[in-house]
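Reading through the structure tokens given below for one structure.
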Amino acid sequence: MERILVSACLMGRRVRYDGGAKTSSDAWLAGWRKEGRLVPFCPEVEGGLPIPRPAAEIEGGAGGAAVLSGAARVLATDGSDVTAEFLAGARSALAVAQAAGIRVAVLKEGSPSCGVLSIYDGTFRGHRTPGQGVTTALLEMNGIRVFSEEHVAEAAEYLRTLET
């Protein structure tokens with residue numbers, strides 16, 4: 001049975017920057033949870049950031065790959081550089097996924113860690129730009145397919161191909 005890495009906030013855990021959750025009501029996630037397939041994980045908390053914490057965005061909306069290569073930083077609204085914590089969280093997520101043999105993840109869209117198709121543009125004005133978060137970029141660089149919570153049905157279809 002394939003296990004799935006999932007953003008902890010989607011499972012109702014209050015780990016987001018504002019101390020909240022983004023609990024998903026997706027039927028696939030609920031079913032996988034009952035089957036014991038889900039491995040909830042918050043890279044930002046695992047990387048050492050507190051709850052709550054200032055919001056963070058990747059400077060210039062450069063994306064996770066740029067952060068991983070050292071070409072961009074992750075900055076918080078208070079001006080602090082939280083790049084090291086985002087990198088540590090991404091590496092921890094990868095280690096957990098590899099240890100559990102995970103090949104699929106469902107992560108929170110828009111997050112500077114977990115964004116799959118879009119992230120905020122670094123201006124702290126609520127504008128999104130195409131791109132991936134730091135954790136998503138690292139997972140995908142290592143062969144783990146990442147889907148947003150908006151595309152769980154596609155993740156389910158991909159899982160079927162792995163299990164046949």
Side-chain angles (χ1 to χ4, degrees), residues 2-11 15-18 22 24 29 38-51 53-159 161-162:
E2 291 284 333
R3 305 211 49 216
I4 303 145
L5 189 73
V6 63
S7 290
C9 63
L10 295 175
M11 296 291 93
V15 293
R16 289 177 45 85
Y17 74 94
D18 59 3
K22 285 287 186 177
S24 173
L29 287 176
L38 299 181
V39 178
F41 193 88
C42 177
E44 294 172 25
V45 172
E46 292 299 321
L49 294 172
I51 306 164
R53 57 190 170 274
E57 296 184 7
I58 299 171
E59 63 183 347
V67 176
L68 291 166
S69 73
R73 300 176 297 163
V74 184
L75 302 175
T77 54
D78 65 2
S80 60
D81 183 338
V82 291
T83 306
E85 290 85 351
F86 274 74
L87 290 170
R91 290 183 191 118
S92 184
L94 178 61
V96 166
Q98 289 176 329
I102 290 172
R103 299 187 286 173
V104 178
V106 175
L107 302 182
K108 179 69 188 108
E109 190 61 81
S111 159
S113 288
C114 299
V116 179
L117 301 173
S118 69
I119 55 172
Y120 289 94
D121 68 3
T123 65
F124 296 101
R125 293 190 179 123
H127 300 169
R128 287 195 193 192
T129 188
Q132 296 180 322
V134 180
T135 297
T136 294
L138 185 62
L139 292 174
E140 290 211 336
M141 286 176 187
N142 285 275
I144 298 167
R145 285 283 306 271
V146 183
F147 298 86
S148 80
E149 81 279 10
E150 299 162 4
H151 295 97
V152 181
E154 291 172 23
E157 189 60 38
Y158 181 69
L159 276 171
T161 69
L162 295 177

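- In this structure, S113 contributes its side chain and V134 its backbone to no donor-acceptor pair below 3.5 Å.
- Between I51 and E44, the closest side-chain pair of non-hydrogen atoms is not below 4.5 Å.
- Distance alone, capped at 3.5 Å, places no donor-acceptor pair between the S80 side chain and the V82 backbone.
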How far apart are the C-alpha atoms of M11 and L29, what are their side-chain angles, what is the distance that settles it, and do they pass the side-chain contact (heavy atoms from CB on, under 4.5 Å) test? CA-CA 9 Å; M11 296 291 93; L29 287 176; 4.1 Å; yes
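- Proximity of a side-chain donor or acceptor of E59 to a complementary backbone N or O of R73 within less than 3.5 Å is detected.
- Shortest non-hydrogen contact noted between A76 and P54 is CB-CB, 3.9 Å.
- Inter-residue side-chain proximity for V15 and C9 is flagged as met; some heavy-atom pair is nearer than 4.5 Å.
- Taken from CG in L107 to CD in E149, the straight-line distance is 9.0 Å, to the nearest 0.5 Å.
- We find the CZ-CG distance between F86 and L138 to be 14.0 Å, quoted to the nearest 0.5 Å.
- For the residue pair A72 and I58, the shortest heavy atom distance occurs at CB-CG2, 4.2 Å.
- Checking side-chain atoms of T83 against main-chain N and O of V74 turns up a donor-acceptor pair under 3.5 Å.
- Distance check, rounded to the nearest 0.5 Å: OG1 of T161 to CZ of R145 gives 8.0 Å.
- In terms of modelled atom types and a separation under 3.5 Å, the side chain of S148 and the main chain of E150 share a donor-acceptor contact.
- Distance check, rounded to the nearest 0.5 Å: NE2 of H127 to OG of S118 gives 13.0 Å.
- The backbone N or O of G115 lies less than 3.5 Å from a partner atom in the side chain of T136, making a donor-acceptor pair.
- One finds the CZ atom of R53 at 8.5 Å from the CZ atom of R16 (value rounded to the nearest 0.5 Å).
- If you take CD on E109 and CG on L10, they are separated by 10.5 Å, rounding to the nearest 0.5 Å.
- Residues A55 and F124 approach most closely at O-CE2, 3.7 Å, considering heavy atoms.
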Applying side-chain contact (heavy atoms from CB on, under 4.5 Å), run through L94 and I144 and close with a yes or a no. CA-CA 9 Å; L94 178 61; I144 298 167; 3.9 Å; yes
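- The two residues R103 and Y158 come nearest to each other via the heavy atoms O-CE2, 4.2 Å.
- Proximity of F147 to V104: side-chain heavy atoms (C-beta onward) are separated by under 4.5 Å at one or more points.
- Looking at every heavy atom in both residues, A62 comes nearest to A66 through CB-CB, 3.7 Å.
- Closest approach of V116 to Q132, counting heavy atoms only: O-CG, 3.3 Å.
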